[in-house]
Amino acid sequence: MMGRIREARSSRPEAECSGRLIVRHGPSAAVRQRSRRRREAAAAAGVAESKLACGRAHSPMLRASPYTYAVLDGLLREHFPFPRRILQVHALLLTSGALLPASPCAATAAFPYNCLAHAHLRVPAASTSTPPPAPLRLFSAMLARGARPNGHTFPSLLKSAAASCPAAATSLHAQCLRRGLVADRFVACSLVSAYARSGHPARDARKVFDEMGGPPDLASCNALLDALCLAGDLAAAESFFAQMAVRDVVSWTTLVSGLSRAGRHRCALEAFREFLLDHKGRLGEATLVTVLSACANIDGADGLSAGKAVHSYIVRHELNLTAFLGTALVDMYGKHGKLGCCNSAFEIVHKKESCTWNALLSALANHGKETEALAKFDMMTAQGFLPNQITFVALLTACGRAGLVEIGLYWFEVMVAEYKVTPLMVHYGCVVDLLGHAGRFVEAIQFIDRMPFTADASVWGALLGACKLYGNVELAEEIGLKLMVLGPQQSGRYVTIRNVYLEDGNWYAATRMGVAMQEAGIKKTVGQSSVVFHGSAIT
DNA sequence: ATAGGGTTAG
């Protein structure tokens, strides 16, 4: 406990003067005792009591006035970049009674709750841990204490819900309706965004947008644009974008990211270039990250050279390589197989995060540096970075490529048992790939049967690859039937199955597969070696 | 001397 207090003081000594302004003097014995009890309760809850606003011996009671509110807001703002201090200020507000009514007969103010909820948006999920995110818990608390949520309350709540509690979006919307707040443009804008980010169909977001009071403003338009992109309706998004009266960097970034997410990376890059034609200002992190991501996914020299151009922009303007930007850069070089650049970009990212490591690991795993990927994984965990689902995809891929079957199986077990990472379809695919490449077909099939959900085409495809490797025609045929049920669209798989037959010399079966494909509605005749789909060959 | 919304990496 002492250690924490000392750290808070020594790392930010100037903060000590902030709070004294907001305390009222003259504590009675009863008040002193109450305040001690509060401190103990806070301590028991594991929150460090900070000296920053406590004036220690005084009974801290907030007086509700515009002035104290301004101080409170300033106090929180000052601590925005430091998640733990936000928690400390929260603890302070709890112990000082700022979240309670100023007097027994007064109403509880919404203001401190609103500020606090907003501040908590800066706290990464890991620190807040428990499932309902802090802003939503604060909402319950304010309702319980009779504070009346207002138009300033909901934007933070909706943002938080969209990020980590999608199911809450509709209830919050109901709350806004009941309180007559849906005409507020901030609230409406947040609702549009929250619906889109909670996986609702675009029409829900659109409805809120249409029912917003007055003409829509730019932010709301951008929110709807994003909603259309997220719902996958790029045609609607593009036409909406075209008829927007005003567009800013956010509008363009939203469009570029939407196109890129839809797989139209070249279109995304073109849109960005169009944007550059008459944009004179500096580019921000979000825009650069989005463009780098598009560049990463454009195969060939075009993508790489555009990515390099973005990199040189970063260097020229001496932009700080944040985790976000750095990761995008590492990924861009990694996807293009430029492992040297990838590595040096990785090295200069100041505050690396797990995803930064992930980008590096994926690059190594996918470009023949499997052993190095395994070594970097060890470094990553040794330095205290928590591996996540993506990390293990890279790790298992590396094991698969290197033929390290036992090691791969080991890490799969560790992933589930030790890191509590819930395996996704891709992870199962990796393990099936591992087993398959070792020729352990029985185990692979047992493994698939034990999966908590039904295997999709990617998992069967992994096994199919192994069938091809080992000439296991019988199993290939079985898988062929399954794939036909799962997805008649997967023409590439059929071709692989056919090739298994062909290599086995089974021309009859190969022809039959061709017929089956035609029956499944695949425009592909036996005898071709590849199909062209949207300009790229699938074999 | 009172707060809030839209874009971003693996």
Side-chain angles (χ1 to χ4, degrees), chain A residues 21 64-74 76-77 109-119 121 135 149-159 162 181 184-194 196-197 205 209 212 216-227 229-230 247-258 260-261 275 283-297 321-332 334-335 345-346 349 352-363 365-366 385 387-394:
Chain A
L21 300 165
S65 80
Y67 177 65
T68 50
Y69 284 158
V71 170
L72 188 141
D73 183 45
L76 279 163
R77 252 167 232 289
F111 186 94
Y113 287 93
N114 293 351
C115 290
L116 202 47
H118 181 234
L121 292 177
N150 57 26
H152 290 272
T153 311
F154 288 95
S156 309
L157 299 185
L158 287 163
K159 200 172 180 179
L181 298 170
D184 181 310
R185 56 194 49 245
F186 283 82
V187 173
C189 181
S190 309
L191 278 169
V192 169
S193 174
R197 308 235 146 220
F209 181 83
M212 179 172 35
D217 59 335
L218 185 52
S220 302
C221 289
N222 290 339
L224 184 62
L225 180 65
D226 186 46
C229 290
L230 285 173
R247 307 181 190 103
D248 67 353
V249 207
V250 178
S251 325
W252 281 96
T253 305
T254 306
L255 181 72
V256 171
S257 103
S260 192
R261 250 196 311 255
F275 163 66
L283 296 172
E285 184 188 57
T287 309
L288 295 170
V289 167
T290 307
V291 176
L292 276 174
S293 166
C295 295
N297 292 294
L321 259 200
T322 59
F324 238 119
L325 198 50
T327 303
L329 195 61
V330 170
D331 181 53
M332 190 276 293
K335 287 252 169 72
F346 176 81
V349 179
K352 298 180 185 50
E353 285 177 18
S354 289
C355 15
T356 320
W357 286 90
N358 290 347
L360 181 69
L361 290 177
S362 309
N366 290 318
F385 291 94
N388 59 23
Q389 292 175 325
I390 309 287
T391 319
F392 283 106
V393 172

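Per chain, numbering begins at 1; letters A, B, ... match sequence-line order.
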Handout entry: Nearest-nucleotide pick for A70(A), side chain only, options being dA9(B), dT2(B), dG4(B)
Key = dT2(B)
Practice task
Name the nucleic acid region contacted by D226(A), choosing base, sugar-phosphate or nothing; use a 4.0 angstrom heavy-atom cut-off, strictly under.
Solution key: sugar-phosphate
Completion exercise
Picking from dG5(B), dA9(B), dT8(B), the nucleotide nearest the side-chain atoms of T290(A) would be dT8(B)
Exercise for the section: Determine whether the side chains of D184(A) and N150(A) contain a donor N or O and an acceptor N or O closer than 3.5 Å. Expected result: no
Practice task
Give a yes/no answer on whether the side chain of H118(A) brings an N or O atom under 4.0 Å of OP1 or OP2 in dG5(B).
Solution key: yes
Problem - Donor-acceptor pair (no angle test) under 3.5 Å: N150(A) side chain, dG4(B) base - result: no
Completion exercise
R247(A) CZ to dT7(B) P, in whole Å, measures 18 Å
Problem - Residue D331(A), side-chain atoms from C-beta onward, closest of dA9(B), dT8(B), dG5(B) - result: dA9(B)
Practice task
Take atom CZ of F111(A) and atom C1' of dA1(B), then tell me their distance rounded to the nearest Å.
Solution key: 11 Å
Practice task
Calculate the interatomic distance between L191(A) atom CG and dG4(B) atom C1'; express it in whole Å.
Solution key: 12 Å
Handout entry: Approximate separation, where rounding is to 0.5 Å, of L225(A) CG and S251(A) OG
Key = 7.0 Å
Exercise for the section: Look at the side chain of T327(A) and the backbone N and O of A323(A), then say whether any donor-acceptor pair between them is shorter than 3.5 Å. Expected result: yes
Problem - Distance, rounded to the nearest Å, where H152(A) contributes NE2 and dA3(B) contributes C1' - result: 6 Å
Handout entry: Whether Y69(A) and F111(A) hold their rings parallel, tilted or perpendicular, with breakpoints at 30° and 60°
Key = parallel
Problem - Y67(A) ring over dA1(B) six-membered base ring, under 5.5 Å and 30° - result: no
Practice task
Just call it for K335(A): base, sugar-phosphate, or nothing, with non-hydrogen atoms closer than 4.0 Å on any strand.
Solution key: sugar-phosphate
Practice task
Have a look at L218(A) and say if it touches a base, only the backbone sugar-phosphate, or nothing, with a 4.0 Å heavy-atom cut-off.
Solution key: base
Completion exercise
Taking dT8(B), dA1(B), dT7(B) as options, the one with an atom nearest any side-chain atom of T287(A) is dT7(B)
Exercise for the section: Can you measure from OG (S293(A)) to CZ (R261(A)) and round to the nearest 0.5 angstrom? Expected result: 9.5 Å
Completion exercise
Between CG of L230(A) and C1' of dT8(B) the distance, given in whole Å, is 12 Å
Practice task
For R185(A) and dA3(B), give me the distance from atom CZ to atom P, rounded to whole Å.
Solution key: 18 Å
Practice task
Please determine if a side-chain N or O atom of R197(A) lies less than 4.0 Å away from the OP1 or OP2 oxygen of dG5(B).
Solution key: no
Exercise for the section: Could you check how far CG of L116(A) sits from P of dG4(B), rounded to whole Å? Expected result: 13 Å
Completion exercise
Separation of dT8(B) atom C1' from L321(A) atom CG, nearest Å, is 14 Å
Exercise for the section: Determine: side-chain N/O of R261(A) to OP1/OP2 of dA9(B), distance under 4.0 Å, yes or no. Expected result: no
Exercise for the section: Have a look at T391(A) and say if it touches a base, only the backbone sugar-phosphate, or nothing, with a 4.0 Å heavy-atom cut-off. Expected result: nothing
Problem - T356(A) side chain reached by F385(A) side chain, heavy atoms, under 4.5 Å - result: no
Exercise for the section: Between dT8(B), dA3(B), dG5(B), spot the one nearest the side chain of S257(A), thanks. Expected result: dT8(B)
Practice task
May I ask you to say what E353(A) touches in the nucleic acid, namely base, sugar-phosphate or nothing, with a heavy-atom cut-off under 4.0 Å?
Solution key: base
Exercise for the section: Determine if F324(A) stacks with dT8(B); use a centre-to-centre distance below 5.5 Å and an interplanar angle below 30° as the criteria. Expected result: yes
Problem - Polar side-chain contact S156(A)-dG4(B) base: donor and acceptor under 3.5 Å - result: no
Exercise for the section: Give one of base, sugar-phosphate or nothing for G326(A), where a contact means two heavy atoms less than 4.0 Å apart. Expected result: nothing
Fill in the blank from the handout: Closest of dA9(B), dA3(B), dG5(B) to the C189(A) side chain is dG5(B)
Fill in the blank from the handout: Winner on side-chain proximity to P66(A), out of dA1(B), dT7(B), dA9(B), is dA1(B)
Handout entry: Heavy-atom donor-acceptor pair, S190(A) side chain to F186(A) backbone, under 3.5 Å
Key = yes
Exercise for the section: Indicate, yes or no, whether a donor-acceptor pair under 3.5 Å links the base of dG4(B) to the side chain of D184(A). Expected result: yes
Problem - Presence of T253(A) side-chain N/O under 4.0 Å of dT8(B) phosphate oxygens OP1/OP2 - result: no
